[in-house]
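Note that ligands are numbered from 1 as they come in the structure, with each ligand's atoms numbered from 1 the same way. In this chain, numbering begins with 1 at the start of the sequence shown.
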Amino acid sequence: MTYQQTKQWIVDGNVDNYPNDTQIQEVAEYIKNNQVVAFPTETVYGLGGNARSDQAIDKIFQAKGRPSDNPLIVHISSKSQLAEYVENITDNAKQLIEAFWPGPLTIVLPHNGKLSPKVTAGLSTVAVRMPDHPVALAIIEAAGLPIAAPSANRSGRPSPTTAAHVTQDLDGKIAGVVDGGATGVGVESTVVDCTTEKVMILRPGGITKEALEQVVGEVLQDPALTEEEEAPKSPGMKYTHYAPSAPLILVDGDINFLRKNVLASKQEGKRVGTLLTQEHQGLSEADKEVIIGSKEYLPEVARALYEALRGFEANEVDIIYSEVFPETDLGSAIMNRLRKAAGGKILQQK
Ligand code: TXA
Ligand code: MG
């Protein structure tokens, strides 16, 4: 489906006005009419559609070019709404919801069949979250529907953290975009399986393993996150993701090692890009450096990551080298995304 024009709403910054905001009301009408609209959440922009409508869900998959076996996250605006769509809420899930909702935590539970089967790609479980963003919550509330929303990028591209990123990928392919400014967290929600006795992380994200463990004790990780030969339990984790406009290689070593690799590629006549922390700005000898925050403050790196991955125009460079980050706290999510963006390519300093 193509649109002559993808409508743009620039929403009022005053949260108190949302219940009567004519723009929010209009966006809600689009959702109720099974149109798909991109809107901000605290993590990344989502491409939202009525989670009870096959027709709306088809439009989401089509606009993104997303494989239909990759299920979507359902967004709700109150904790009590969860009970309408799941079979039962496990004790673990209850504790995590109390601690982290609204927020960047997605909970997988058995569903009760009331959503479009296309949302769950035919699985017996559904992934649900309550976003911590006033615009997202106002739209869900005004529509009075659960809203399925994957990240609002073309499949395979870096996720969008601004309305401009959404437009780059989906202009003319979706009915509209709600511009609510840049998102805060910058990487997607953590997805946890709560159907088993011990909670298992299927996708690292905005809520860290360390924070989850403070609430429910030991938390497992899907072995596929670290072992390449394992099949992931979260279907979306098996696809290429977040790819920048040139091949990306991670460099696990000091700045001198990174510079050596840059110079070697330049010797081969390649134009080289680097993704660098601000501590190393100007030190890589690359043709173009894109800065991704400070090594000392991972939330800033998470926020800057996708914009940085979109920071090289098509044909601007032939190869991109990136620094790596410690895999604790938010570093797990950052490294998970970087590894995928690099297709697993990593150089290790001896
Ligand atoms: O922060 C976020 O989670 C963003 C914003 C828009 O809310 N959404 C997002 O959606 O990242 P998406 O579709 O790009 O990623 C959803 C992930 C995929 O890896 C998918 O396979 C997994 O959640 N997922 C969805 N339903 C699942 C289920 N029933 N069981 C296991 N994994 C599931
Ligand atoms: Mg995505």
Element-labelled atoms of ligand 1 that are located less than 4.0 Å from some non-hydrogen atom of [X]:
{"X": "Ala149", "result": "6 (C), 8 (N), 10 (O)"}
{"X": "Thr43", "result": "1 (O), 2 (C), 4 (C), 5 (C)"}
{"X": "Gly46", "result": "6 (C)"}

So, are [X] and [Y] salt-bridged, with charged N and O less than 4.0 Å apart?
{"X": "Lys114", "Y": "Glu84", "answer": "no"}
{"X": "Lys32", "Y": "Glu29", "answer": "yes"}
{"X": "Arg339", "Y": "Glu327", "answer": "yes"}

Closest approach of any protein heavy atom to [atom], naming residue and atom:
{"atom": "atom 27 (C) of ligand 1", "result": "Pro71 CG, 3.5 Å"}
{"atom": "atom 3 (O) of ligand 1", "result": "Ser189 OG, 2.5 Å"}
{"atom": "atom 7 (O) of ligand 1", "result": "His75 NE2, 2.6 Å"}
{"atom": "atom 32 (N) of ligand 1", "result": "Ser234 OG, 3.2 Å"}
{"atom": "atom 15 (O) of ligand 1", "result": "Arg203 NH1, 3.1 Å"}
{"atom": "atom 14 (O) of ligand 1", "result": "Ser151 OG, 3.1 Å"}
{"atom": "atom 29 (N) of ligand 1", "result": "Thr125 OG1, 3.0 Å"}

Query raised in the report: What about Arg129: any of its N or O atoms under 3.5 Å from an N or O on ligand 1?
Result: yes

Query raised in the report: When Glu42 is tested against each of Pro134, Pro104, Ser189 for side-chain contact (heavy atoms from CB on, under 4.5 Å), which residue passes?
Result: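 Result for side-chain contact (heavy atoms from CB on, under 4.5 Å) with Glu42: Pro104.
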
Query raised in the report: Given the rule that I, L, V, M, F, W and Y join up when any side-chain heavy atoms are under 4.5 Å apart, are Met200 and Val191 in one cluster?
Result: yes

I need the contact type for [X] against ligand 1. Using non-hydrogen atoms and a strict under-4.0 Å cut-off, is it side chain, backbone, both or neither?
{"X": "Arg66", "result": "side chain"}
{"X": "Asn70", "result": "side chain"}
{"X": "Pro150", "result": "both"}
{"X": "Leu202", "result": "side chain"}

Requested in this report: Could you grab the distance from atom OG1 of Thr41 to atom CG of Leu137, nearest 0.5 Å is fine?
Outcome: 10.0 Å

Query raised in the report: About how many Å separate CZ of Arg337 and CD of Glu188, when rounded to the nearest 0.5 Å?
Result: 4.5 Å

Query raised in the report: Thr90 and Asn92: side-chain donor and acceptor closer than 3.5 Å?
Result: no

Query - Derivation of the side chain to side chain contact (heavy atoms under 4.5 Å, CB included) call for Tyr18 and Val135 - result: CA-CA 8 Å; Tyr18 287 159; Val135 173; 3.4 Å; yes

Query raised in the report: Are the side chain of Thr162 and the backbone of Ala182 linked by a donor-acceptor contact shorter than 3.5 Å?
Result: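 Absent.
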
Report task. Tell me whether Ser151 has at least one N, O or S atom under 2.8 Å from the Mg ion (ligand 2). Result -> yes

